[in-house]
K.L.:
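This is the structure, below, for whatever I ask next.
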Amino acid sequence: MAAGIKDKVAILGMGCSRFGERWDCGAEELMVEAFSEAIADAGIDVSQIDAAWFSTHFEEINVGKGGLPLSIALRLPNIAVTRVENFCASGSEAFRGAVYAVASGAADIALALGVEKLKDTGYGGLPAGGGGTLNPQWAANGSAPGNFAQLASAYRAKHGVSRDDLKRAIAHVSVKSHANGARNPKAHLRKPITEDQALNAPMIAEPLGLFDCCGVSDGAACAIVTTPEIARSLGKSDIVSIKALQLALSNGSEAGHNSWDGSYFHTTRIAAAKAYKEAGIKKARDEVSMFECHDCFSITELVTMEDLQLSPEGGAIKDVMDGFYDADGQIPCQIDGGLKCFGHPIGASGIRMLYEMYLQLTGRAGDRQLANPRIGMTHNLGGSPMSNVAAVCIVGAYD
Amino acid sequence: MVGIAAYAAYLPRLRLSRKAIVDAHRWADPGLAGKAKGERSMCNWDEDAVTMGVEASRACLGDRRTTSLIAFASTSAPFADRQHGGIVAGALNLGEDLASIDVGASQRAGTSALLQAFAAVASGQHADALVIASDKRRSKAASAGELDNGDGAAAMFVGSGACALEFVAAHTATVDFIDHFRGAGEDFDYGWEERWIRDEGLARIVPEAVGKALKKAGLGATDVAHFILPSTIRGATASVAKAAGIASDAVADTLAAEVGEAGVAHPFLMLGARLATAELVAGQAIVVCGFGQGCDAIVLRINDAAGARAMGNAYSATLATRVAEDNYQKYLAFNNLVALEKGMRAEKDDFKTALTVTYRKRDMLTGLVGGRCTVCGTLQFPRADICVNPQCRATHTQEPHPFREEKASIVTWSADYLTYTADPPAHYGMINFANGGRFMTDFTDVSVGEIDVGTPVRMVFRVKSYDRLRGFVRYFWKAAPACRAPERGQA
């Protein structure tokens with residue numbers, strides 16, 4: 001097996017724009033907002049960046065194609081800019097590009113920036129996906145909530161869970177994220193909600209109500225990475241390094257082969273197992289301090305707890321209801337509010353998750369700072385339960 | 001012998017209460033009150049003359065793999081220039097070695113298509129034929145047609161061997177009698193006064209044509225045991241029968257109470273209903289009439305009473321799929337009769353259909369043909385170069401496999417109020433085929449609360465979406481609860 005990425009790359013600086021309905025700015029301004037914070041944090045000049053990776057998903061309602069939008073918005077010094085797109089995991093993909101460039105030695109310092117400007121569509125919710133010439137002629141007429149809501153039907157059938165019990169558990173998932181988001185000044189949704197509010201919200205896609213769905217937000221997030229040695233030479237202490245970075249993509253078997261039961265993420269299980277191995281983590285439930293998971297919908301978070309080996313299979317409902325993942329629980333999840341409340345500017349989300357882990361590990365998370373986190377994990381998912389891109393990244397203190 | 005060897009009918013499950021229609025219009029036209037009786041069949045938003053024709057044909061053909069000739073009759077087919085018989089042939093995987101013809105432009109297009117099929121088979125030009133009559137007639141809101149018409153289809157397999165209903169003789173009168181018309185490109189019919197249609201049209205043209213047909217058959221009017229003539233004019237069918245000398249108890253019900261008049265399909269829906277309820281005896285004569293710019297009068301003989309009854313049962317089966325509908329607004333929306341706010345999400349249907357892809361993938365898109373790996377046996381949809389079975393991955397090993405009749409059930413589902421559909425919530429989910437293979441698909445004909453994991457479904461050919469900018473209709477297959485399958489009428 002390959003040696004892996006562990007401790008080869010460090011985070012030199014990070015930045016994140018305020019997320020939300022940013023009627024005041026477009027993608028270009030959001031990019032500058034995130035980048036300005038990151039480069040100030042890194043303490044370098046833009047001329048020191050060797051290469052950049054740029055992620056955005058809905059380019060057609062956003063910046064258009066190519067790497068030029070980033071290069072132009074940041075006035076980068078005529079370096080390589082690669083635009084990547086991998087659904088909602090695009091941000092993790094940009095980060096992976098920058099990390100790999102540094103790990104290979106091809107770049108000393110690399111930039112990853114993700115942005116999404118979603119609120120120029122004219123309506124609420126995510127734009128319809130799809131595209132291509134064949135898919136729209138046969139693929140089901142789905143929306144993101146409807147695609148993910150199907151997890152609930154299969155999870156209930158598999159584990160014999162009543163609709164009421166499942167609804168209460170996913171309501172708790174959202175109540176927890178709202179409580180966390182309320183303490184994050186950059187979050188899109190900053191009002192706490194009650195379980196009753198979540199349970200009685202308008203139905204979006206059975207059984208998901210409004211509060212089971214994440215925010216549709218504008219925003220950008222940025223990471224500047226280098227080697228631990230260069231970071232140290234630039235005067236950094238408390239270095240956060242990459243312990244693992246894994247992507248797993250569906251190959252059509254969930255969608256086309258009857259072996260998958262529809263209740264879990266096949267790819268997340270694979271990416272998580274590989275990431276734990278790469279990071280040297282034996283028992284995730286005991287070793288992971290905190291994590292950000294891809295809570296596009298509350299049911300996604302619930303089943304992902306099991307796919308990440310944090311809750312036993314069929315045991316996520318109990319853990320959720322016991323407060324295991326609450327801010328004061330054993331493994332706080334979505335401590336920044338998550339996609340649910342920090343928001344979900346698609347191309348930025350994977351990097352936004354790392355931003356929170358980075359702040360927590362460096363003790364800069366303000367009101368929501370956790371006590372002595374050692375290992376942070378991000379889980380960034382793109383696509384739908386039956387066909388998706390799962391990214392798992394583990395970061396921690398560089399010893 | 002030439003005749004009808006198999007029969008099936010299709011009625012959409014929704015039956016709109018006429019009271020709901022009348023209640024909506026009573027403020028403007030109190031005179032409609034007298035029509036607030038019974039119900040009319042009503043297509044779902046994703047049904048049209050083609051999809052209904054596919055369902056009727058599918059049940060009618062049963063295990064038959066193809067036919068020599070397919071004749072598709074309709075006055076409401078969705079394309080002015082694209083052959084609908086070919087779409088049906090593709091949906092039913094009938095192959096390419098068959099003749100096809102569309103017949104339209106008159107309310108007797110169904111009976112005329114049947115006569116042409118009889119002639120083609122009798123002459124030996126074709127070994128057999130599938131005749132489809134299907135109509136979804138659009139009518140203006142508050143018009144008589146809205147109340148009187150229904151949606152439906154019938155399919156008949158014409159053969160030269162043993163047939164339950166033998167073709168005996170026919171006579172056609174061609175008379176340019178314009179009881180109504182619809183100009184090319186117009187949406188709606190323009191009709192003339194009923195009393196004139198009854199007295200100068202039906203009463204003069206039909207009895208004469210029937211008399212000539214019976215004469216060719218060597219029969220008299222009193223020999224007619226079953227007389228079939230659609231008309232929405234109250235009492236007109238009975239008075240025509242009387243004028244022709246046919247006994248009143250031979251007159252078939254016009255199905256006004258349960259279906260409404262389903263255009264070119266209607267003579268055959270009436271035939272099915274009659275065969276379901278009347279006393280049937282081998283040797284009985286049936287006269288089936290189609291009226292429109294003249295009259296087709298077709299004389300059939302019952303050769304096999306049990307076979308004829310099976311045809312009647314096929315009608316009863318589709319009639320029994322009834323789901324009461326009392327929301328007139330839904331009817332307006334489904335038939336694009338009101339400028340409804342659909343939201344920006346509906347704009348996603350405005351894409352240009354890549355016809356090259358539609359053609360290249362025609363067996364997949366129209367025929368629901370996937371693949372079967374010849375190495376591991378795994379069924380899969382769509383067919384691909386590399387087997388989907390993670391344990392196999394064999395390359396270029398798949399043979400075409402039709403999924404249309406494979407039993408299936410729901411694995412995952414949701415009812416989605418966000419995505420655009422003409423009939424929210426959009427039900428869709430993953431289905432597993434019992435013999436292997438799966439895909440995520442739209443569901444149709446589903447009421448809220450009707451489905452769950454494990455619910456058996458069957459695949460039905462439906463409108464996937466409408467490209468209203470370009471006038472294109474995209475068809476694909478959806479999953480519907482399996483409990484409402486049409487039946488085949490054959491001994």
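The structure presented is a predicted model; accordingly, all values stated were derived computationally and were not measured. Here is how names work: the chains are called A, B, and so on, in the same order as the sequence lines, proteins then strands, and each is numbered from 1.
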K.L.:
For the residue pair A:Asn258 and B:Gly437, what are the closest heavy atoms and their distance?
P.N.:
OD1-N, 3.1 Å
K.L.:
Evaluate the side-chain proximity of A:Glu206 to B:Tyr417: yes if any heavy-atom separation is below 4.5 Å, no if none is.
P.N.:
no
K.L.:
Nearest 0.5 angstrom please: A:Ser384 OG to B:Met430 CE, how far?
P.N.:
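If I round to the nearest 0.5 Å, the distance is 8.0 Å.
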K.L.:
Counting neighbours of CZ on B:Arg393 that are heavy atoms of other residues, nucleotides or ligands and sit closer than 6.0 Å, is the number greater than 12?
P.N.:
no
K.L.:
Please state whether the side chain, the backbone, both or neither of B:Leu418 comes within less than 4.5 Å of a heavy atom of chain A.
P.N.:
both
K.L.:
Side chains of A:Ser143 and B:Tyr428: closer than 4.5 Å at any heavy-atom pair?
P.N.:
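Yes, at least one pair of side-chain atoms sits under 4.5 Å.
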K.L.:
For A:Ala154 and B:Thr412, work out which heavy atoms get closest and say how close.
P.N.:
CB-CG2, 3.7 Å
K.L.:
With a 4.5 Å cut-off on heavy-atom pairs, point out which of B:Pro382, B:Ala415, B:Ala354 contacts chain A the most.
P.N.:
B:Ala415
K.L.:
Is it the side chain or the backbone of B:Phe433 that comes within 4.5 Å of chain A heavy atoms, both, or neither?
P.N.:
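When you check distances to chain A, only backbone atoms of B:Phe433 fall under 4.5 Å.
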K.L.:
Mind ranking A:Ala139, A:Gly124, A:Ala140 by heavy-atom pairs under 4.5 Å with chain B and telling me who comes out on top?
P.N.:
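Of the options given, most contacts go to A:Ala140.
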K.L.:
I need the residue from A:Gly256, A:Gly262, A:Ala144 with the largest number of non-hydrogen atom pairs under 4.5 Å to chain B.
P.N.:
A:Gly256
K.L.:
Taking A:Asn141 as the fixed residue, which of B:Asp349, B:Thr441, B:Asp442 is the one that meets the side-chain contact (heavy atoms from CB on, under 4.5 Å) rule?
P.N.:
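Of the listed residues B:Asp349, B:Thr441, B:Asp442, the side-chain contact (heavy atoms from CB on, under 4.5 Å) partner of A:Asn141 is B:Asp442.
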K.L.:
Pick one of side chain, backbone, both or neither for B:Val411, based on which atoms fall under 4.5 Å of a heavy atom in chain A.
P.N.:
both
K.L.:
Nearest 0.5 Å, please: how far is CG in B:Asn389 from OG in A:Ser253?
P.N.:
9.0 Å
K.L.:
May I ask you to decide if A:Trp260's main-chain N or O and B:Arg438's side chain share a donor-acceptor pair within less than 3.5 Å?
P.N.:
yes
K.L.:
Is it the side chain or the backbone of A:Met203 that comes within 4.5 Å of chain B heavy atoms, both, or neither?
P.N.:
both
K.L.:
Please determine, among B:Gln380, B:Met440, B:Lys348, the option with the most heavy-atom pairs under 4.5 Å with chain A.
P.N.:
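Ranked by contacts with chain A, first place is B:Met440.
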K.L.:
Heavy-atom count around B:Tyr475 OH within 6.0 Å, excluding the residue itself: above 12?
P.N.:
yes
K.L.:
Decide if atom NZ of B:Lys361 counts as having more than 12 heavy atoms of other residues, nucleotides or ligands within a radius under 6.0 Å.
P.N.:
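Check fails, neighbour count at 12 or below.
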K.L.:
Between B:Thr353 and A:Gln137, is there a side-chain donor-acceptor contact under 3.5 Å, judged purely by atom types and distance?
P.N.:
no
K.L.:
What I'd like to find out is whether the side chain of B:Lys464 reaches to under 4.5 Å of the side chain of A:Trp138, using heavy atoms alone.
P.N.:
no
K.L.:
Just so I understand: if I count every heavy-atom pair under 4.5 Å between each of B:Arg474, B:Arg345, B:Lys352, B:Met344 and chain A, which residue has the most?
P.N.:
B:Arg345
K.L.:
Quick check on the interface: out of B:Trp413, B:Trp477, B:Phe351, who has the most heavy-atom pairs with chain A under 4.5 Å?
P.N.:
B:Trp413
K.L.:
Would you find more than 12 non-hydrogen atoms of other residues, nucleotides or ligands less than 6.0 Å from B:Glu96 atom CD?
P.N.:
no
K.L.:
Measure the spacing between CD of B:Glu347 and OG1 of A:Thr121 and express it to the nearest 0.5 Å.
P.N.:
10.5 Å
K.L.:
Under a 4.5 Å heavy-atom cutoff, which of A:Asp261, A:Leu151, A:Asn147 has the most pairs with chain B?
P.N.:
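Of A:Asp261, A:Leu151, A:Asn147, A:Asn147 has the most heavy-atom pairs under 4.5 Å with chain B.
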K.L.:
Compare every heavy atom of A:His257 with every heavy atom of B:Thr378, then report the nearest pair and how far apart it is.
P.N.:
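What the structure gives for the nearest pair is CG2-CD2, 3.8 Å.
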K.L.:
Check whether A:Leu210 gets within reach of chain B through its side chain, its backbone, both or neither, counting any heavy atom under 4.5 Å.
P.N.:
neither
K.L.:
Looking only at heavy atoms, what is the nearest atom pair of B:Ser414 and A:Ala149, with distance?
P.N.:
OG-CB, 3.3 Å
K.L.:
Look up atom OG1 in B:Thr356 and atom CG in A:Leu134, then write down how far apart they are to the nearest 0.5 Å.
P.N.:
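Here the interatomic distance stands at 10.5 Å.
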